**Q** 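The following block contains the structure, expressed as structure tokens.
All chains are named by letter (A, B, ...) in the order of the sequence lines, taking the proteins before the strands, and each is independently numbered beginning at 1. Since the structure is predicted, the reported quantities are computational estimates derived from the model, not experimental observations.
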Protein chains: 2
Amino acid sequence: MTVTLADVAARAQVSPATVSRVLNGNYPVAASTRERVLRAVDELDYVLNGPASALAAATSDLVGILVHDIADPFFGIMASAIQAEIGGTGGRAGGERLAVVCNTGGLPERELTYLTLLQRQRAAAVVLTGGAVENAPHAAAVATKLRKLAEAGTRVVLCGRPPVVDTPAIALAFDNRGGARQLTEHLLGLGHRRLGYIAGPEERTTTRHRLEGHRAALAAQGIEDDPRRTVHGRYDRRSGYEATLELLRRDPSLTAVVAANDSVALGACAALRESGLRVPDDVSVAGFDDLPFSVDAVPSLTTVRLPLAEAGARAGRIAMGREEAPPGGMATVRGELMVRGSSGVPRR
Amino acid sequence: MTVTLADVAARAQVSPATVSRVLNGNYPVAASTRERVLRAVDELDYVLNGPASALAAATSDLVGILVHDIADPFFGIMASAIQAEIGGTGGRAGGERLAVVCNTGGLPERELTYLTLLQRQRAAAVVLTGGAVENAPHAAAVATKLRKLAEAGTRVVLCGRPPVVDTPAIALAFDNRGGARQLTEHLLGLGHRRLGYIAGPEERTTTRHRLEGHRAALAAQGIEDDPRRTVHGRYDRRSGYEATLELLRRDPSLTAVVAANDSVALGACAALRESGLRVPDDVSVAGFDDLPFSVDAVPSLTTVRLPLAEAGARAGRIAMGREEAPPGGMATVRGELMVRGSSGVPRR
DNA sequence: ACGGATATAGAAAGCGCTTGCTGCTCGGGA
DNA sequence: TCCCGAGCAGCAAGCGCTTTCTATATCCGT
């Protein structure tokens with residue numbers, strides 16, 4: 001029914017071994033033989049049986065990319081860059097690798113499930129993107145899993161995610177703390193003193209680091225850190241909207257809102273607008289990430305640009321063994337402050 | 001080194017066959033035996049070998065989701081919905097299915113490559129999202145590939161993509177034509193007569209259908225279809241920006257711009273703004289898709305809402321055989337006109 | 001108490017491919 | 001002319017799992 005290696009071999013009048021070698025191209029085969037085999041492959045429309053091949057060779061050409069939320073461009077952009085770097089390259093057999101992205105939906109258990117599934121498939125590499133969950137048992141479980149994967153020969157790379165101790169995983173971490181600090185310093189420099197902060201979900205490293213950066217900037221200016229000026233939420237627009245209303249309720253005299261990311265910031269802008277406040281005349285707003293739509297917002301968003309595509313590409317190359325891992329197995333990727341229309345001197 | 005089924009069997013004092021049956025749960029196994037096996041699995045930290053299992057069973061638990069651009073929320077939202085519907089369900093062995101998304105980057109050849117890769121993996125199902133490419137040879141190649149996949153037992157579902165003739169693929173197509181027509185009718189109803197249209201890439205069914213709907217609305221009003229009023233571009237913000245400038249150059253008296261999708265529409269708004277025109281006072285703007293950010297734009301975008309998540313979920317269920325295919329193997333999914341702030345009565 | 005269902009476990013034959021090893025052929029140096 | 005080594009191709013042994021078929025208990029009705 002389905003055509004197998006043996007069929008191709010028969011047609012090309014060679015042994016299955018030879019066909020395999022032609023396909024994998026890692027063993028000397030005479031040019032004439034090769035051609036004959038290739039022709040047979042073509043004529044029979046042969047497609048390699050991946051599982052069989054993976055079983056025999058004890059490796060597969062599958063590469064997994066884990067993201068928290070595939071509908072969020074933050075992850076989309078990284079995933080796209082990673083995949084571009086991986087998908088194009090020649091793989092073991094037949095040329096291509098299967099770079100696939102897995103959506104955890106931010107659920108810790110799904111993260112583990114996908115990791116197991118990829119382990120089961122004997123994936124060649126796994127790239128984990130986005131902040132890690134800080135829940136201790138889960139973090140430990142992930143660390144164990146990563147260790148197992150590495151032991152089984154799967155290359156593990158973390159992109160935009162802090163290193164995991166005691167693990168051979170290569171990490172490319174974003175400098176969330178530094179970026180956040182710079183951002184808040186910018187606002188403080190403009191003269192703001194009453195700033196609200198809309199944080200992401202607790203238990204996420206990204207959330208914590210950005211918040212720490214923000215607070216560090218405040219502390220450096222000797223501004224007391226009123227916990228009522230911080231609200232936690234999700235990394236989406238709606239969350240920003242609601243949190244802003246809450247912040248305004250707590251302190252109507254706020255002059256600036258710093259958001260966990262750009263989507264949140266946009267939600268914040270909407271809430272301010274609907275509350276009759278102008279951005280930045282009445283309240284300044286700042287985001288994080290600098291996603292494509294941020295420059296288009298009205299007013300355009302002051303934010304911290306993260307080189308998502310570059311980091312993704314690099315992670316992809318490392319995962320493919322086409323670029324050396326950074327010294328110490330980890331590198332920090334810095335963001336760049338983008339001052340735009342949504343931040344200004346406080347007028348009230 | 002790695003623990004295998006046989007190791008588990010030895011530890012549980014049963015035959016490998018029994019272990020396999022416990023894991024797959026489709027054969028009577030005494031409760032006490034099952035428990036013993038499960039304990040051994042746990043103690044040894046056994047992970048099924050996917051390729052071996054797939055080889056022996058001649059099926060895998062991999063499900064592929066093809067998208068054109070993973071960084072575009074349009075696809076992200078659909079992919080997320082599809083994956084949610086697939087990933088959670090119990091698969092053949094060990095419980096879960098590996099739902100993976102593959103990013104074609106809009107390149108026809110990558111589409112084919114991924115299809116081959118999935119065929120090679122003996123994927124259980126494949127869901128193709130987004131418009132098809134109309135280039136004849138490529139379309140034929142895709143049709144052939146889909147047929148082959150189906151023959152090999154892979155379920156094929158098209159989501160937001162027109163049916164492919166002569167193929168067992170189930171299609172859930174968006175009514176792009178009808179939606180576009182309604183949108184333009186809305187604008188015409190407001191009194192607009194000089195409308196520019198920013199289309200997506202040519203050779204994409206989505207592009208053609210939306211354009212046809214637009215033109216049908218114009219024709220119904222007896223408005224001549226000036227080809228200079230249409231500009232083609234990509235489905236992104238920048239493209240909308242540039243195209244709008246071009247349209248304005250061709251006819252500065254334009255009173256409305258209809259865009260291929262929301263991102264393009266936002267780009268159009270930016271261009272208009274920079275040209276000193278107000279939206280909607282001077283020029284109305286309309287988008288398509290109703291992505292999450294569209295309601296947040298200033299002014300909020302008049303557009304056609306496509307039930308991306310619902311369609312994706314349904315496609316996912318069909319792919320899993322958990323929902324019956326629509327009669328005739330295809331269904332049309334309608335959009336809903338969302339009239340918002342970016343469209344108004346022409347004032348000039 | 002006996003025969004035949006019924007329930008459960010095992011033996012073994014692959015699934016389609018890779019790869020270490022063996023074997024043949026041919027060319028060239030002595 | 002002979003021998004040796006390089007270059008190529010084939011043999012066959014698995015890779016780790018599933019599944020058919022067979023074997024052994026176990027249990028029921030009569």
Side-chain angles (χ1 to χ4, degrees), chain A residues 1-38 40-41 44-62 91-94 119-122 124 152-153, chain B residues 1-38 40-41 44-62 91-94 119-122 124 152-153:
Chain A
M1 197 189 80
T2 50
V3 7
T4 71
L5 235 214
D7 299 332
V8 175
R11 171 137 200 158
Q13 317 245 52
V14 296
S15 72
T18 301
V19 177
S20 171
R21 297 202 259 246
V22 168
L23 260 23
N24 287 295
N26 48 15
Y27 192 87
V29 173
S32 63
T33 313
R34 170 192 315 284
E35 200 182 321
R36 201 144 34 91
V37 169
L38 257 17
V41 165
L44 295 177
D45 216 357
Y46 170 68
V47 175
L48 188 68
N49 182 319
S53 162
L55 173 58
T59 59
S60 84
D61 46 12
L62 190 77
R92 238 192 53 264
Q119 179 185 9
R120 176 178 302 179
Q121 299 297 330
R122 305 301 189 248
Chain B
M1 195 189 79
T2 51
V3 8
T4 72
L5 235 213
D7 299 332
V8 176
R11 172 140 200 155
Q13 316 246 51
V14 296
S15 71
T18 301
V19 177
S20 170
R21 297 200 260 247
V22 167
L23 261 21
N24 289 293
N26 47 17
Y27 191 89
V29 172
S32 63
T33 312
R34 168 192 316 284
E35 201 183 320
R36 204 146 30 92
V37 169
L38 257 18
V41 164
L44 294 177
D45 216 356
Y46 170 67
V47 175
L48 189 68
N49 182 318
S53 160
L55 172 59
T59 58
S60 86
D61 46 11
L62 190 78
R92 240 192 52 262
Q119 179 184 8
R120 175 178 302 179
Q121 299 297 331
R122 305 302 188 249

**Q** In whole angstrom, what separates A:Gln121's CD from D:dG16's P?
**A**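 For the pair A:Gln121 CD and D:dG16 P, the rounded distance is 15 Å.
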**Q** With a 4.5 Å limit on heavy-atom distance, are the side chains of B:Val22 and B:Leu38 in contact?
**A**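 Answer yes - side chains close enough.
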**Q** Is the shortest side-chain N/O distance from A:Thr18 to OP1 or OP2 of D:dA9 below 4.0 Å?
**A**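 False: A:Thr18 side-chain N/O out of range (4.0 Å or more) of D:dA9 OP1/OP2.
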**Q** So, taking the atom named CG in B:Asp45 and the one named OG1 in B:Thr2, what distance separates them when rounded to the nearest 0.5 Å?
**A**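 B:Asp45 atom CG to B:Thr2 atom OG1 measures 12.0 Å (nearest 0.5 Å).
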**Q** Would you mind telling me which of A:Asp61, A:Asn24, A:Leu48 makes a side chain to side chain contact (heavy atoms under 4.5 Å, CB included) with A:Ser53?
**A**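 Among A:Asp61, A:Asn24, A:Leu48, the one meeting side chain to side chain contact (heavy atoms under 4.5 Å, CB included) with A:Ser53 is A:Leu48.
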**Q** Base, sugar-phosphate, or nothing: which does A:Val29 touch, judged by heavy atoms less than 4.0 Å apart?
**A**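 Answer is sugar-phosphate: A:Val29 comes under 4.0 Å of backbone atoms only.
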**Q** Within this structure, what is the CG-to-P distance between A:Asp7 and C:dG16, rounded to whole angstrom?
**A**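 Distance, rounded to whole Å: 9 Å.
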**Q** Using a cut-off of under 3.5 Å, enumerate the N/O to N/O pairs linking the protein to nucleotides 12-14 of chain D.
**A**
none

**Q** Could you state the interatomic distance from CG (B:Leu5) to OH (B:Tyr46), rounded to the nearest 0.5 Å?
**A**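 Going from CG on B:Leu5 over to OH on B:Tyr46, the span is 4.0 Å.
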**Q** Going from OG1 on A:Thr4 to CG on A:Asn49, what distance comes out if it is rounded to the nearest 0.5 angstrom?
**A**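 Output value for this atom pair is 9.5 Å.
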**Q** For D:dC11, take OP1 and OP2 only and decide whether either is under 4.0 Å from a side-chain N or O of A:Ser15.
**A**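 Checking D:dC11 against A:Ser15, no side-chain N or O comes under 4.0 Å of OP1 or OP2.
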**Q** Just compare D:dG16, D:dC17, D:dT19 and give me whichever is closest to any side-chain atom of A:Leu55.
**A**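 Side chain of A:Leu55 sits closest to D:dG16.
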**Q** CZ of A:Arg122 versus C1' of D:dC17: gap in Å, rounded?
**A**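 Value for this atom pair: 11 Å.
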**Q** With a 4.5 Å heavy-atom cut-off, do B:Val47 and A:Arg122 have their side chains touching?
**A**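 B:Val47 vs A:Arg122: side chains touch.
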**Q** Quick one: B:Leu23 CG to D:dG16 P, roughly how many Å, whole number?
**A**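 It works out to 16 Å between those atoms.
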**Q** Please report the closest heavy-atom contact between B:Val37 and B:Val8, naming both atoms and the distance.
**A**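 Result for this residue pair: O-CG1, 4.2 Å.
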**Q** Which nucleotide in the list C:dG16, D:dA9, D:dC17 gets nearest to the side chain of A:Arg21?
**A**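 It is D:dA9.
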**Q** Donor-acceptor pair under 3.5 Å: do we get one between B:Tyr27's side chain and the base of C:dA9?
**A**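 Indeed, a donor on one side and an acceptor on the other fall under 3.5 Å apart.
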**Q** CG of B:Asp61 versus P of D:dC17: gap in Å, rounded?
**A**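 So the two atoms are 14 Å apart, to the nearest Å.
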**Q** Output the distance between atom CZ (A:Arg120) and atom OG (A:Ser60), rounded to the nearest 0.5 Å.
**A**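 Here the interatomic distance stands at 13.5 Å.
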**Q** Within the pair B:Ser20 and D:dC17, is there a side-chain N or O less than 4.0 Å away from OP1 or OP2?
**A**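 For B:Ser20, the contact criterion (side-chain N or O under 4.0 Å from OP1 or OP2 of D:dC17) is not met.
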**Q** For D:dT18 and B:Asn24 - does any side-chain N or O of the residue sit under 4.0 Å from the phosphate oxygens OP1/OP2?
**A**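 Indeed, a polar side-chain atom of B:Asn24 lies that close.
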**Q** Under 4.0 Å, heavy atoms only, any strand: does A:Val14 hit a base, just the sugar-phosphate, or nothing?
**A**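 Counting heavy atoms under 4.0 Å across all strands, the contact made by A:Val14 is with sugar-phosphate only.
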**Q** What's the shortest heavy-atom distance between A:Ala40 and A:Ala12, and which atoms?
**A**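 It is CB-CB, 3.9 Å.
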**Q** Specify the separation, in whole Å, of atom CG of A:Asn49 and atom C1' of D:dT18.
**A**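 For the pair A:Asn49 CG and D:dT18 C1', the rounded distance is 14 Å.
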**Q** Ignoring backbone atoms, test whether B:Ser53 places a side-chain nitrogen or oxygen under 4.0 Å from the OP1 or OP2 oxygen of D:dC17.
**A**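 No, B:Ser53 has no side-chain N/O under 4.0 Å of OP1/OP2 on D:dC17.
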**Q** Restricting to non-hydrogen atoms, name the atom on B:Leu55 and the atom on A:Pro51 that form the minimum distance, rounded to 0.1 Å.
**A**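 Nearest pair, atom of B:Leu55 first, then A:Pro51: N-CB, 3.9 Å.
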**Q** To the nearest Å, how far apart are A:Leu48 CG and C:dG16 C1'?
**A**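 One finds 9 Å between C1' of C:dG16 and CG of A:Leu48, rounded.
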**Q** If you fit an axis to the five pairs at each end of the helix from C:dA1-D:dT30 to C:dA30-D:dT1, how big is the angle between those two axes, to 10 degrees?
**A**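 Both end axes considered, the difference amounts to 40°.
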